[in-house]
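Let me begin by presenting the structure, written as structure tokens, before commenting on it.
So you know, we letter chains A, B, ... as the sequences are listed, proteins then strands, and number each from 1.
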Amino acid sequence: MQELETIFKEAVVKALAALYEAEVSVESVQVQGTRKEIAGDLTVVVFPFLRFSRKGPEQTAEEIGAYLKENVDLIEDFSVIKGFLNLEIAASHWKSMLDYITENPNYGFTSVTSDSPLVMVEYSSPNTNKPLHLGHIRNNLLGWSIAEILKATGNKVIKTNIVNDRGIHICKSMLAWQKWGEGRTPQSSKMKGDHLIGDFYVKFDKEYKKEIAELVAKGMAKEEAEENSPLMQEAREMLRKWEAKDEDVYALWQKMNSWVYDGFDITYKRLGVDFDKIYYESDTYLVGKEKVLEGLEKGMFYKREDGSVWANLNAEGLDEKILLRSDGTSVYMTQDIGTAKLRFDDFSIDKMVYVVGNEQNYHFQVLSILLTKLGFEWGKDLKHFSYGMVELPEGKMKSREGTVVDADDLMDEMIDVARSTSEELGKLEGYSKEEAENVYRQVGMASLKYFILKVDPKKNMVFNPKESIDFNGNTGSFIQYTFARICSIIRKAEEDGVMYNTTVDADVQLSSQEVELIKSLTRFKSIIEEAATLYSPAIIANYVYDLVKDYNRFYHDCLILKEENESLKMFRLKLSSNVAQILKRGMGLLGIEMPKRM
RNA sequence: GGUUUGGUAGCUCAACUGGAUAGAGCAACGCCCUUCUAAGGCGUAGGUUCUGGGUUCGAAUCCCAGCCGAAUCACCA
């Protein structure tokens, strides 16, 4: 199936050659969807051709229009407004498009073959010292969704996670637990492990601050106090012991991390995200260290007097970057180098995508350069899928001020609101308690996921915890609701034994609303492709919303089951069923489930 | 301060990457359920697209200058 736009662009090229002996490339022809208020389906912008025609815009458009109408079967008629040539496409074309989409239930998706490129998508990448929050939710949803979108555009995808399971921050919660934990476990305290550990991380920070304040009160300078804080020194000592694989520290580390993982697993499962391969920083940081030392030997990096290792990136227009601390321990960058090496050893990756917040743009710029320097030819091609922060109305979320929106809490809240809304409306009669709960979960999660994913990933976004996320308007549940209404109609049609998925009858007269809907359905493929090239699930979210709005108007204005004209009724059922399918598959790319009733 | 990035209705977001009269939702105010799910539909009101220049048939979009915000430039991850 060749794209309609391409066909028209080529036709315009021919028209220009025939009319004005002009040679233009297919790409330079602008064809766009006609504005809704104006008659027509596709519009050619003729301004760029005036230099060939040497005539006014109207006349040029008329001439090209006449040529196209004459030479392209699909074109029924045309009209000219200013420099815009609006082309009207034959209704039969739209009918056959609907038939085509019905017969190809995978319409829009490109299938994966053995030659398809292998893309690895890294996302989530949590620290094991605190539970996941709203920022992580955005990361996880974007990562999972972009992986699905890449699959849908014909890539093999491996979803991966790098768990930051070691480092001073982990030691802080371990130390706090040792000191003040009194042997508490997730079981004994009836808490998710990640929340339990998070509390001790906060506890450490509190005690540390207290210590500093006391030292400063005794007359010590703040910086000196931070350096000499006994707590911090203990934490550092613990990190050294950990690196030396001290038995007790290691055992404690393993125990506490396993608590956190149990907690994360629950959160991931509720979010509906998963991974094909998980890497742990504790396994990769030494590999990175090795590569850095190798680079040092080859003279790519240099050592300072205190023993720390640095890369000088002045030639690339950047600063100097530390790669190993003076005590020989590794930093963030070191482990990313190691992880990259392990991954490319494990898989024959064609493209590596990192889903990481835009606060780390600099980090990935540097990583790309360093990997290239170290001889990884794919270094320069790595893709940093950089997304914006989630902010509160008053600014950044701050864990210290307790303004962090916890992922588990937020999901609970969304599902609670979905439950009470649904119970009020009382539309789930006949459903068992489990079935109903499942719908509440689907609706609550849909509103949350859609709220996050409908926003352009590049942009920062605002979340106001005081106003709960909407269930009306441009929301996930609105889209689900439309889907449920279609399902209800289809259910009834099937109960009556109506066979609607037959070829559209030639006698059926399409209304402009119906043509709009079919047009929207045909755009699905190019929408997915655009979402993939721009790394933007938001494009799919906004497309689905537009489709739903159009459908609701149609649903309101037109009879479907009660339509008396049989072939028109069949057509409308078929159209509705296709809209539902595209909705379901589009939302599927966003990880949003679609209930048949709600 | 350097670099990167953003500024669109009261609020949250769109705008097919330079196209026609800048669109949705929320909030406000009117309508529409004895018709297929009203978590819906229709309407009213709301805009100097931060400001000022420039580029051209045409600018929210590109360029320059300024104002405001964010991120980053760490022996934190």
Inset, instruction - Indicate the atoms forming the closest heavy-atom contact of A:Asn361 with A:His384, along with that distance. - result: OD1-CE1, 3.1 Å

Length of the [atom1]-[atom2] vector between [X] and [N], whole Å:
X	N	atom1	atom2	answer
A:Arg553	B:rA38	CZ	P	16 Å
A:Ile469	B:rG25	CD1	C1'	14 Å
A:Lys396	B:rA71	NZ	C1'	8 Å
A:Asn472	B:rA38	CG	C1'	10 Å

Under 4.0 Å between any heavy atoms, over every strand shown, what does [X] touch: base, sugar-phosphate, or nothing? Just pick one.
X	result
A:Lys459	sugar-phosphate
A:Thr482	nothing
A:Leu534	base

Legend entry - Ring-ring centroid check A:Phe554 A:Tyr551, cutoff 6.0 Å: yes

Inset, instruction - Describe, in one word, how the ring planes of A:Phe385 and A:Tyr535 are oriented to each other, choosing from parallel (under 30°), tilted (30 to 60°) and perpendicular (over 60°). - result: tilted

Legend entry - Residues forming a ring-ring contact (aromatic ring centres under 6.0 Å, His included) with A:Phe47, sequence neighbours excluded: A:Phe84

Legend entry - Sequence-distant partners of A:Tyr545, ring-ring contact (aromatic ring centres under 6.0 Å, His included), two or more places apart: A:Phe478

Legend entry - Chi-angle category of B:rU17 [syn within 90° of 0, anti beyond]: syn

Legend entry - Syn-anti status, with the boundary at 90° from 0, for the nucleotide B:rC33: syn

Legend entry - Partner nucleotide of B:rU72 by Watson-Crick or wobble geometry (both distances under 3.5 Å): B:rG2

Legend entry - Pair partner, B:rG43 [Watson-Crick or wobble, under 3.5 Å]: B:rC29

Legend entry - Selection: residues 315-326 of chain A, any non-hydrogen atom under 4.0 Å of RNA chain B: A:Asp319, A:Ile322, A:Arg325, A:Ser326

Inset, instruction - Please test A:Glu435 against A:Asn438 for side chain to side chain contact (heavy atoms under 4.5 Å, CB included), starting from the C-alpha separation and ending with a verdict. - result: CA-CA 5 Å; A:Glu435 285 171 315; A:Asn438 192 40; 5.7 Å; no

Legend entry - Closest-nucleotide 5' rank along RNA chain B - winner of A:Asn542 and A:Asn164: A:Asn542

Legend entry - Contact under 4.0 Å: A:Asn552 side-chain N or O vs B:rG41 OP1/OP2: yes

Please tabulate the protein-to-nucleotide N/O contacts below 3.5 Å involving nucleotides 19-24 of chain B, giving atom names and distances.
| residue | atom | partner | partner atom | Å |
| --- | --- | --- | --- | --- |
| B:rG19 | O2' | A:Gln32 | OE1 | 3.4 |
| B:rG19 | N7 | A:Gln30 | OE1 | 3.0 |
| B:rA20 | OP2 | A:Arg35 | NH1 | 3.1 |
| B:rA20 | N6 | A:Thr43 | OG1 | 2.9 |
| B:rA20 | N6 | A:Asn86 | OD1 | 3.1 |
| B:rA20 | N1 | A:Asn86 | OD1 | 3.3 |
| B:rU21 | OP1 | A:Lys82 | NZ | 3.3 |
| B:rA24 | O2' | A:Tyr545 | OH | 2.4 |

Inset, instruction - Report the nucleotide, chosen from B:rA71, B:rU17, B:rC73, that has the shortest atom-to-atom distance to any side-chain atom of A:Glu530. - result: B:rU17

What side-chain donor-acceptor pairs closer than 3.5 Å can you find for residues 522-529 of chain A, not counting sequence neighbours?
| residue | atom | partner | partner atom | Å |
| --- | --- | --- | --- | --- |
| A:Thr522 | OG1 | A:Lys519 | O | 2.6 |
| A:Ser526 | OG | A:Arg523 | O | 3.0 |

Inset, instruction - With C1' as the reference atom in both, quote the distance from B:rA71 to B:rG10 in angstrom, rounded to an integer. - result: 28 Å

Inset, instruction - Using the C1' atom as the reference point in each nucleotide, state the distance between B:rA9 and B:rG47 in Å, no decimals. - result: 6 Å

Legend entry - Beyond-backbone contact of A:Met333 with A:His363, side-chain heavy atoms, under 4.5 angstrom: yes

Legend entry - A:Arg138 charged N/C atom sitting above A:Tyr387 aromatic ring, 6.0 Å / 45°: no

Quick one: which protein N/O atoms are closer than 3.5 Å to N/O atoms of nucleotides 35-37 of chain B? Pair and distance per line, please.
| residue | atom | partner | partner atom | Å |
| --- | --- | --- | --- | --- |
| B:rU35 | O2' | A:Lys562 | NZ | 2.6 |
| B:rC36 | O3' | A:Lys492 | NZ | 3.1 |
| B:rC36 | O2 | A:Leu561 | N | 3.0 |
| B:rC36 | N3 | A:Ile560 | N | 3.1 |
| B:rC36 | N4 | A:Tyr555 | O | 2.7 |
| B:rC36 | N4 | A:Cys558 | O | 2.3 |
| B:rU37 | OP1 | A:Ser488 | OG | 2.9 |
| B:rU37 | OP2 | A:Ser488 | OG | 3.4 |
| B:rU37 | OP2 | A:Lys492 | NZ | 2.9 |
| B:rU37 | O2' | A:Tyr481 | OH | 2.4 |
| B:rU37 | O2 | A:Lys427 | NZ | 2.9 |
| B:rU37 | N3 | A:Met598 | O | 3.1 |
| B:rU37 | O4 | A:Met598 | N | 3.3 |

